[in-house]
Amino acid sequence: MFENIGLSFQGIWAHKMRSFLTMLGIIIGIAAIIAIVSTINGTNEQIKQNLIGSGNNAVEVSLFQDDWQYEMQYNGIPEGVPVLSEKDREKILGFDEVEAAAFYHRRNSPSVFRGSTSLNGGNLMGTDNNYLKVYGYTVREGRSFSQEDLTGYKKVVLLDDQAAKTLFPSENPLGKTLEIQGEPFVVIGVAVQSSSFQPVINSIEDYYTYMGNETSGNLYIPYTCWPILFQYDEPQNVVVRAISTDDMTQAGKKTADYLNEQVKNSNNIKYKSSDLLEQAKNLQELSSSTNQMLIWIASISLLVGGIGVMNIMLVSVTERTREIGLKKALGAPKSRILGQFLTEAAVLTSLGGLLGVLAGIGLAQLVSRMAEIPIAISFPAAGIAVVFSMLIGIIFGILPSVKAANLNPIDALRHE
Amino acid sequence: MILQLEHIYKDYVQDKLVVPVLKDVSLDVEEGEYLALMGPSGSGKTTLMIIIGFLDVPTSGSYFLAGQNVAGKNDRALAKIRNSSIGFVFQSFNLLPRQSALENVMLPLLYGGVGARERRRRAEEALEKVGLKERMKFLPTQLSGGQKQRVAIARAIVTRPKLLLADEPTGALDSTSGRQVMELFAQLNEEDGMTIVMITHDRNIAAQAKRVVFIRDGELYFEDPVLYAPASSYEAYDDSDEEDLYEDDPEEDDPNEYDSEDEDTEDYDPEVSEEDFDEEGADAGLPDAPEGSEEAEI
Ligand SMILES: Nc1ncnc2c1ncn2[C@@H]1O[C@H](COP(=O)(O)OP(=O)(O)OP(=O)(O)O)[C@@H](O)[C@H]1O
Ligand SMILES: [Mg+2]
């Protein structure tokens with residue numbers, strides 16, 4: 001076996017040019033596939049990070065009517081959906097996959113003014129410190145909510161960085177008063193997300209995907225103040241933090257199932273987890289399906305490469321009739337000749353595969369530099385590529401090898 | 001009795017035409033014999049050797065090797081017998097061009113499943129026997145024709161076969177190298193008791209064997225038939241120089257001529273030109289071949 005591998009390398013080296021040209025089809029095919037796969041992986045990795053990384057494994061579980069998010073500000077309070085209590089939160093915290101949980105009310109584009117400056121868009125949340133904890137916010141300036149803020153219906157507000165910049169472009173917001181839905185609220189702090197996550201933006205589409213609702217910022221007020229601005233008995237949305245990214249789906253599902261046990265609504269209103277992992281997958285699939293086409297095209301190159309290998313091997317068998325005949329005369333059994341030629345084909349294409357992987361990595365790097373597309377080189381993929389090339393060699397080497405093994409030794413010895 | 005051929009027929013079929021090549025050949029060879037097989041070109045010598053050597057099966061007739069009937073043996077079994085019981089020496093050496101002398105000699109042992117260390121030891125021993133141990137690392141292209149043939153002989157005897165088959169072993173060699181090969185054969189036969197069947201065109205070479213049989217148009221003769229009578233072969237026999245065994249005779253030229261076409265695996269062979277040179281000066285009766293190695297003396 002090792003004997004054969006050694007011989008194969010000798011043979012390949014003895015005909016460098018021919019071997020290289022034979023391998024070229026395989027090299028090109030594998031290089032193309034590696035380059036494409038690296039690009040797909042890079043893009044997928046980026047999508048995943050952009051979507052998931054922003055939330056610290058946070059999964060939002062909110063009310064949906066059929067497939068649409070249920071907006072209480074337009075549709076009113078849904079029937080049969082109870083307001084959640086601390087007891088519910090403790091139940092949710094009891095799930096293995098859940099690390100932290102918070103309830104919150106939300107309004108899109110609330111009316112918020114600082115003098116004549118207004119917050120266009122953005123969100124207003126009625127919540128407590130748990131919410132900050134789930135999303136990994138820390139209070140950069142000022143303080144978070146105190147027990148007294150919550151129990152005493154204090155009209156205080158926390159801003160996020162974005163909102164602070166929008167409403168207080170040139171002054172320190174601490175202690176200043178804002179007008180929210182016509183009521184005065186005092187700013188007690190500015191919260192920032194502790195992980196300094198920044199989504200990678202490569203295109204306009206990415207911009208809308210990741211930055212869409214981050215333009216004007218969020219404001220947080222004690223949930224106890226919510227009825228002052230809006231309605232009483234408004235059911236909350238829930239956000240939980242999973243203990244790991246892989247547990248996000250399960251954490252969201254368990255929470256939604258638990259909450260839905262208490263929902264008795266005839267209009268199909270239900271809690272649903274907006275599974276970011278799922279969303280990431282969908283986006284990834286979208287980008288992969290186009291590239292899958294390219295992989296098929298590259299595979300054709302591999303097929304052509306394999307046929308090229310077969311062709312050259314057949315020529316080589318004819319050329320080496322004499323050598324084969326001699327070996328048979330000396331007592332080499334068929335299986336040995338077969339093994340020799342199969343090994344030769346496999347070594348040739350594996351080498352081609354290896355060169356293809358290197359070329360593919362180079363190509364991917366080039367593409368990423370020129371088109372500013374992220375790449376992620378996958379070592380398993382490289383390994384599979386080499387093994388696959390070896391298989392191509394074995395498959396397309398069968399015919400020439402069988403031909404060699406079945407040569408009649410006398411033809412060989414008389415062959416001119 | 002090591003070889004027993006009974007009523008062997010061999011036909012080749014070419015373009016639906018049946019060409020009878022061997023016609024009722026019966027031959028017994030005793031253990032330890034040294035047999036030369038002579039005959040004009042195309043008479044079926046190589047065909048017979050191919051059958052003796054298990055490289056092909058006869059169309060009809062039976063064949064025993066060391067009392068064992070070889071009919072009906074499968075491919076693998078025949079390969080095994082070839083490997084262990086028979087050594088081949090060819091006119092055109094048939095060494096693997098990219099392997100050293102030592103590697104070439106080790107090859108049959110590899111097929112016989114001999115371990116690496118033992119392979120090397122036995123190959124070195126065989127090369128020592130043919131006087132080329134110090135050149136064992138040489139590639140065939142770095143060896144002269146005579147040396148190549150001796151490597152080939154080492155390869156043939158390395159498995160210690162019962163039977164050594166040689167098809168015109170001196171055909172491509174100048175007379176000095178040819179003589180060395182013949183010496184080696186005599187030694188293998190006398191000292192090691194190896195049975196040798198050798199094909200040759202050359203009476204002088206044949207004369208060194210203990211027994212000579214003749215073949216003509218596929219038929220075997222135990223006495224010299226009038227081989228040269230009808231001009232069916234361009235290779236007319238010339239008895240004129242029979243007295244002097246070692247004088248170059250014109251016949252020796254013929255094998256060389258087709259050898260040079262033959263040689264697709266071998267590289268340029270210095271012996272051919274040396275031979276030509278030799279022949280021009282042959283009348284002088286000089287002790288030939290400026291191959292000039294210590295083995296030159298006879
Ligand atoms: N494969 C084949 N198909 C058809 N005819 C063949 C085949 N091999 C050999 N022959 C014929 O068989 C005859 C004997 O050939 P063979 O090689 O045995 O002769 P030879 O005595 O060895 O000749 P030479 O001295 O030239 O080597 C020739 O006429 C040749 O044409
Ligand atoms: Mg012949």
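Order of the sequence lines sets the chain letters (A, B, ...), proteins ahead of strands, with each chain counted from 1. Only this structure's heavy atoms are used, side chains among them; waters, hydrogens and symmetry mates stay out.
- Considering all non-hydrogen atoms of both residues, Gly331(A) and Asn83(B) come closest at CA-CB, 3.7 Å.
- Heavy atoms from other residues, nucleotides or ligands lying under 6.0 Å from NZ of Lys162(B) number 12 at most.
- Inter-residue side-chain proximity for Arg322(A) and Ser92(B) is flagged as met; some heavy-atom pair is nearer than 4.5 Å.
- With a threshold of 4.5 angstrom between heavy atoms, Thr46(B) approaches chain A through its backbone and through its side chain.
- Using a 4.5 Å heavy-atom threshold, the side chains of Pro333(A) and Lys80(B) count as separate.
- Heavy atoms from other residues, nucleotides or ligands lying under 6.0 Å from NZ of Lys137(B) number 12 at most.
- If you measure heavy-atom distances from Arg98(B) to chain A, the contacts under 4.5 Å come from both the backbone and the side chain.
- The ring pair (Phe, Tyr, Trp, His ring centres under 6.0 Å) test applied to Tyr111(B) returns no partner, not counting sequence neighbours.
- Other residues, nucleotides and ligands contribute only 12 or fewer heavy atoms inside 6.0 Å of the NZ atom of Lys129(B).
- The heavy-atom pair separating Ala332(A) from Ala79(B) by the smallest distance is O-CB, 4.2 Å.
- Looking only at side-chain heavy atoms (C-beta outward), Arg336(A) and Leu110(B) come within less than 4.5 Å of each other.
- Between Leu7(A) and Gln99(B) the shortest side-chain heavy-atom distance falls below 4.5 Å.
- Against chain B, no residue from residues 388-405 of chain A qualifies, as none has a non-hydrogen atom under 4.5 angstrom away.
- The two residues Lys328(A) and Arg82(B) come nearest to each other via the heavy atoms O-NE, 2.8 Å.
- Counting non-hydrogen atoms of neighbouring residues, nucleotides and ligands closer than 6.0 angstrom, the CZ atom of Arg76(B) reaches no more than 12 such neighbours.
- Using a 4.5 Å cut-off on side-chain heavy atoms (C-beta onward), Phe90(B) and Leu326(A) make contact.
- Contacts of Thr47(B) with chain A are made by both backbone and side-chain atoms, with heavy-atom separations under 4.5 Å.
- The minimum heavy-atom distance between Leu55(B) and Ala329(A), with the atom names listed, is CD2-CA, 3.7 Å.
- Crowding of Tyr12(B) atom OH: a count of heavy atoms from other residues, nucleotides or ligands under 6.0 Å exceeding 12.
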